[in-house]
Amino acid sequence: MSISTTKDLYLHELGDLYDAENRFLEAQQEMLPHATDSDLKSGIQKHIEETQGHIESLEKVFAALGAKPKRETCAAAEGIVAEGQKNLKETEVPALLDILIGGTAARIEHYEIVSYRGLVAGAQQMGAEDIELLLKQNLQQEEATAQRIEANTPMLIKKALRGDA
Ligand SMILES: [Fe+2]
């Protein structure tokens, strides 16, 4: 896509995040059966459902801009997902695998958070309140998910350390 207006740029950024959300949905579905910690597992399960809602919200944003949903290949998301897939093969120790999965999940959320913040700022400047609201709802769920994952990490590390002993 060639970008020559601010709207082109906005649609490009939106398409990038739309692609990332789709890739992250698949990545979470792939990681879920490998997770063993119950909080990690339920957190991923919950966020898979939320992610499906995020994709639908992004489709509404495209519609509000009079555009069809279009994925722009997100190389950053591709990279995070590839790293996560590699991690799944790196260890057979469940407690260590849980830490790696949590790390991938946290990286996913932080990429999404910064992307949503940029799009929210754009919607605010364009005075598009409907779009701003849709994006802010997604952003808040991503922030809450990131917080939950990071709060759970010390416990995952404790479990792994106990296993080392
Ligand atoms: Fe997310």
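Along the sequence shown, residues carry numbers from 1. We count ligands from 1, going down the list as the structure has it; atoms in each ligand are counted the same way. As the structure is a computational prediction, the values presented were derived from the model and not from experiment.
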For the Fe ion (ligand 1), the nearest N/O/S atom on Glu112 is atom OE1
Proximal heteroatom of Glu142 relative to the Fe ion (ligand 1) (N/O/S): OE1
Would Val81 and Leu100 show up in the same hydrophobic cluster when neighbours are defined by side-chain heavy atoms closer than 4.5 Å? no
Side-chain contact test, heavy atoms from C-beta onward, threshold under 4.5 Å: evaluate it for Thr36 versus Leu97 and give yes or no. no
Please determine whether a side-chain nitrogen of the Lys or Arg among Glu109 and Arg148 lies less than 4.0 Å from a carboxylate oxygen of the Asp or Glu. no
Look at Glu50 and state whether any of its N, O or S atoms is less than 2.8 Å from the Fe ion (ligand 1). no
Sort out for me which residue in Glu56, Gln52, Glu142 forms a side chain to side chain contact (heavy atoms under 4.5 Å, CB included) with Glu21. Glu142
Restricting to N/O/S atoms, is His47 within less than 2.8 Å of the Fe ion (ligand 1) or not? yes
